[in-house]
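The structure under discussion appears below in the form of structure tokens.
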Amino acid sequence: MNRVTKISAWLAMGLFIIAAPALFPGAAAAQTLDISIKSDTGGSPPGELMLIDPSGDRTGPEEMEIHRRNPMSGLYNLRVNGRNTGVYTLYLKAYSASGSTSDVRFPHMNIKDGEVHHYDVNFSVEGPKLDVRRTRVTPE
């Protein structure tokens with residue numbers, strides 16, 4: 001296979017991937033809500049995540065990320081449970097089926113072993129829209 005043929009094949013695959021959502025509308029990406037925590041100093045994050053959705057279903061505890069497909073609109077309760085003393089950054093990102101996004105970040109959050117950071121996550125699938133605030137810090 002010569003170089004021109006290889007380039008043409010890659011170009012054709014790339015164009016197909018770009019056009020796939022228009023050709024197969026049912027294959028469009030689902031709505032998602034992604035939450036992740038990262039250590040500001042490297043290594044494992046100092047806390048783990050737990051999420052309670054508007055119907056009361058619980059996800060977690062998870063060490064680094066929670067991924068919810070087709071989340072419902074409403075108020076979610078997010079907890080960061082301190083497992084070590086350290087500094088973390090919390091990332092929340094919502095994706096709509098059309099490709100729109102909304103994201104919120106809480107950088108440089110100090111947590112101690114045994115602390116729980118509570119967040120209210122008001123999520124709407126329209127848009128999507130995220131409204132997040134830390135409500136309190138409690139002992140575990």
Spell out, yes or no, whether [X] and [Y] are grouped together once hydrophobic residues are joined by side-chain heavy atoms under 4.5 Å, including indirect joins.
X	Y	value
V104	L33	yes
I35	M50	no
V116	V80	no
V137	M109	no

Let me confirm one number: the [atom1]-[atom2] distance from [X] to [Y], rounded to the nearest 0.5 Å.
X	Y	atom1	atom2	answer
E65	E48	CD	CD	14.5 Å
I111	S39	CD1	OG	11.5 Å
Y119	R136	OH	CZ	12.5 Å
S36	K93	OG	NZ	10.5 Å
K38	R105	NZ	CZ	11.0 Å
Q31	E126	CD	CD	8.0 Å

Side chains of [X] and [Y], heavy atoms from C-beta outward: is any pair under 4.5 Å?
X	Y	answer
L49	L90	yes
V132	N122	no
S55	M72	yes

*Report the C-alpha separation of D53 and R68 in whole Å, then their side-chain angles, then the decisive distance to 0.1 Å, and conclude whether the salt bridge (charged side-chain N to carboxylate O under 4.0 Å, His left out) test is met.*
CA-CA 10 Å; D53 72 17; R68 299 289 303 260; 3.0 Å; yes
*Can any side-chain N or O of T135 pair as donor or acceptor with the backbone N or O of D120 at less than 3.5 Å?*
no
*Determine yes or no for a side-chain-to-main-chain donor-acceptor pair under 3.5 angstrom, with S124 supplying the side chain and P128 the backbone.*
no
*Tell me yes or no: between the side chains of N77 and H118, is some donor less than 3.5 Å from an acceptor?*
no
[X] and [Y]: which non-hydrogen atoms are nearest, and at how many Å?
X	Y	value
H108	T89	N-OG1, 3.5 Å
S100	G127	CB-O, 3.2 Å
P45	I37	CG-O, 3.6 Å
R58	I52	CG-CG1, 4.1 Å

*Under 6.0 Å from the CZ atom of R134, do we count more than 12 heavy atoms belonging to anything else shown?*
yes
*side-chain contact (heavy atoms from CB on, under 4.5 Å), paired with L92, selected from I66, D103, L78*: L78
_Pairs satisfying ring pair (Phe, Tyr, Trp, His ring centres under 6.0 Å), at least one member in residues 59-100, at least two apart_ = Y88-H117
_If hydrophobic residues (ILVMFWY) are linked whenever their side-chain heavy atoms come closer than 4.5 Å, directly or via other members, who joins L75 in its cluster?_
none
